[in-house]
Amino acid sequence: MNSLRCFAKHPMISLIESDTTLKELKQIHTQLLLNGVLDDPHLLGQFVATAALKNHDNLDYSNQVLDQCENPTLFALNSMIRAHCKSSTPQKSFHFYNRILHSNNNVSPDNYTFNFLVRTCSQLLARETGPSVHGALIKHGFEHDPHVQSGLIFMYAELGCLSSCHRVFGEIPNPDLVCQTAMVSACAKCGDVGFARELFDVMPQRDPIAWNAMIAGYAQSGKSRKALDLFNLMQMMGVRVNEVSMVSVLSACSHLGALDQGRWAHAYIERNKLRMTVTLGTALMDMYAKCGNVNKAMEVFWGMKEKNVYAWTSAMGGLAMHGFGEKCLKLFSLMKQEGVQPNEVTFVSVLKGCSVVGLVKEGRENFESMSEVYGIEPQLEHYGCMVDLYGRAGCLDEALNFINNMPVKPHSGAWGALLNACRMHKNMELGELASRKILELEAKNHGAYVLLSNMYADSKNWEGVNSVREIMKAKGVRKLPGCSVIEVDGEVHEFIVGDKTHPRHDEIEMMLAEISKRLKLSGYVANTNPVLFDIEEEEKEDALCEHTEKVAIAFGLITLKEGVPIRIVKNLRVCWDCHEVTKMISKTFDREIIVRDRNRFHHFKDGDCSCKGYW
DNA sequence: TTAGGGTTAG
């Protein structure tokens with residue numbers, strides 16, 4: 001009874017809510033002081049903890065109150081570590097940890113202290129401090145606390161230290177469901193999704209969170225089909241699916257470009273009345289954008305009740321990916337008007353938006369505003385976007401100048417953007433320089449070899465083509481095999497270059513011949529330059545016929561009803577000839593064709609492409 | 001009177 005009375009929340013403290021203003025908080029504080037309520041250290045702790053936990057980003061007041069208090073309780077100090085760990089200033093947790101350590105009030109850290117502190121280290125990605133905190137908690141005897149253990153596994157996974165995850169996990173005699181799930185997630189996060197699955201399979205019991213962890217593990221490591229397979233198994237086993245499961249399912253569909261399956265997932269969410277959280281809404285929108293239906297993506301976006309920086313950034317990225325640069329920038333203005341703070345990823349979308357439509361001035365201004373207005377230091381990714389922006393617009397000198405003046409060493413991405421620009425604008429000399437730089441950094445960068453070889457082929461420099469081929473051979477560099485995917489009636493068909501095993505291979509061949517015939521009748525002459533090797537003209541045409549997007553398009557023409565757009569996802573950039581051919585097919589066969597290549601979307605219609613020849 | 005595992009944008 002006594003303890004209940006002691007820990008019941010004071011009615012005035014209960015008034016503190018997450019939307020309590022600072023002024024109101026001060027009024028409550030003054031009242032509590034006048035009434036002598038805060039003379040009780042437990043109630044003071046309650047006030048500070050409530051104020052801090054209700055608003056993670058306004059901890060100053062609680063900090064001040066506690067700093068003026070000579071002998072705060074362990075509860076109050078732990079609460080401050082917990083609040084800071086979730087705030088934008090997690091490092092301040094250590095101030096309160098130090099107060100616990102150096103308290104003259106007989107206070108010493110407990111399992112709560114270390115649990116919160118370990119989470120602070122995860123937030124901070126504290127490579128050195130994390131292990132020290134681990135050492136300290138062992139010294140204080142808390143390494144057997146299951147909350148602390150799962151926290152440590154999570155922390156080491158965030159730090160990318162799988163061996164430490166294994167060490168912690170291996171030392172737990174009987175890990176509970178939570179620790180096992182944390183370990184499954186940690187292995188998947190650190191790249192060992194196979195071991196994650198082994199662990200998952202031998203778990204004596206699995207709740208929906210464990211299933212979600214494994215599905216997410218697959219989705220995040222690019223094993224999208226496995227993610228969808230496991231989701232199907234989850235349903236078959238009668239495990240309760242929730243909105244978190246669907247986020248991973250949608251993410252897997254986005255990755256595959258599987259629009260039918262994505263639509264099915266959308267219908268499933270509605271049918272089962274799953275909660276449309278901002279995360280789920282973002283995943284849904286992203287799925288539609290990445291599967292080629294940008295209008296539907298924007299419809300989802302505008303229908304979202306809450307839009308955070310992820311939602312805005314994803315919508316802007318979707319627009320940029322489809323070539324709608326101006327719309328992307330308009331959305332950026334709107335986002336700022338709404339008071340949503342952009343982050344570094346937002347600027348990647350902004351710069352891509354500028355790049356796809358050649359808005360050099362706007363791109364430069366936005367890039368400069370990153371550090372000047374928003375205090376965000378540009379990362380390599382942003383520098384790459386800027387080189388792409390200048391290069392794509394044909395300002396090759398400025399692109400080179402930009403690279404040469406980068407405050408950090410230019411990475412292969414920056415040189416790669418320049419190389420692609422050189423290909424677009426046919427600048428052989430600079431292209432050679434760019435490829436040399438890339439290969440100095442990454443001797444086996446197959447993309448650079450292919451681009452360079454294609455540039456030589458474009459200028460009929462067969463000697464150049466051969467020399468690239470020789471170097472590739474000597475260094476054991478293989479061209480990444482092309483692969484195109486098309487979905488028909490909810491089934492994903494994958495065409496890999498040279499693979500003739502598709503059950504309808506013969507029909508596809510016939511359709512390819514038909515396409516060839518009809519295109520020739522319309523005056524098409526194959527541009528054979530992008531074929532990597534210098535071979536006889538006729539053979540070259542055959543090799544081009546095998547570019548996987550053409551095979552997938554042929555399959556689409558056979559299987560999809562008239563008027564249904566053909567949607568292809570390709571793992572490489574579309575080559576110039578395929579781009580021309582696809583334009584012509586869209587006209588000759590009166591068919592809309594939407595291709596997602598490694599970089600962006602191409603919408604082919606009536607003999608034209610939305611990229612206007614720049615990709 | 002404070003605590004643990006699963007989700008979104010490059």
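Note on naming: letters A, B, ... go to the chains in the order of the sequence lines (proteins, then strands), and numbering restarts at 1 for each one. Below, each value reflects all heavy atoms present in this structure, side chains not excepted, and no hydrogens, waters or symmetry copies.
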Just call it for [X]: base, sugar-phosphate, or nothing, with non-hydrogen atoms closer than 4.0 Å on any strand.
| X | value |
| --- | --- |
| A/Ile81 | nothing |
| A/Cys179 | base |
| A/Gln149 | nothing |
| A/Ala49 | nothing |
| A/Gln180 | nothing |
| A/Phe347 | nothing |

- Query: What's the closest nucleotide to the A/Leu177 side chain, out of B/dT2, B/dG5, B/dT8?
  - Reply: B/dG5

- Task: Choose from B/dG5, B/dT2, B/dG10 the nucleotide whose nearest atom is closest to any side-chain atom of A/Asp110.
- Result: B/dT2

Just N and O in the side chain of [X]: are any of them under 4.0 Å from OP1 or OP2 of [N]?
| X | N | value |
| --- | --- | --- |
| A/Gln220 | B/dT7 | yes |
| A/Lys290 | B/dG10 | yes |
| A/Arg119 | B/dT2 | no |

- Item | Chi angles and distances behind the side-chain hydrogen bond (donor to acceptor under 3.5 Å, both in side chains) call for A/Glu442, A/Ser412 | CA-CA 7 Å; A/Glu442 293 169 15; A/Ser412 65; 2.9 Å; yes

Between atom [atom1] in [X] and atom [atom2] in [N], what is the gap in whole Å?
| X | N | atom1 | atom2 | result |
| --- | --- | --- | --- | --- |
| A/Asn343 | B/dG10 | CG | C1' | 10 Å |
| A/Leu274 | B/dT8 | CG | C1' | 16 Å |
| A/His255 | B/dG10 | NE2 | P | 10 Å |
| A/Phe47 | B/dT2 | CZ | C1' | 17 Å |
| A/Asn78 | B/dT1 | CG | P | 16 Å |
| A/Met304 | B/dA9 | CE | C1' | 11 Å |
| A/Arg275 | B/dT7 | CZ | C1' | 11 Å |
| A/Met386 | B/dG10 | CE | C1' | 17 Å |

- Is the NZ or CZ atom of A/Lys336 positioned over A/Phe332's six-membered ring, under 6.0 angstrom from the centre and within 45° of the axis? yes

- Message: To the nearest 0.5 Å, what is the distance between CG on A/Leu230 and CH2 on A/Trp211?
- Response: 5.0 Å

- Kindly state whether the ring of A/Phe367 and the ring of A/Tyr383 have centres lying under 6.0 angstrom apart. yes

- Verify the ring-centre separation between A/Phe75 and A/His42: is it less than 6.0 angstrom? no

- Query: What about A/Asp176, does its side chain sit under 3.5 Å from the base of B/dG5 through a donor-acceptor pair?
  - Reply: no

- Message: Stacking between B/dG4 and A/His147, yes or no? Criterion: centroid separation under 5.5 angstrom, plane angle under 30 degrees.
- Response: no

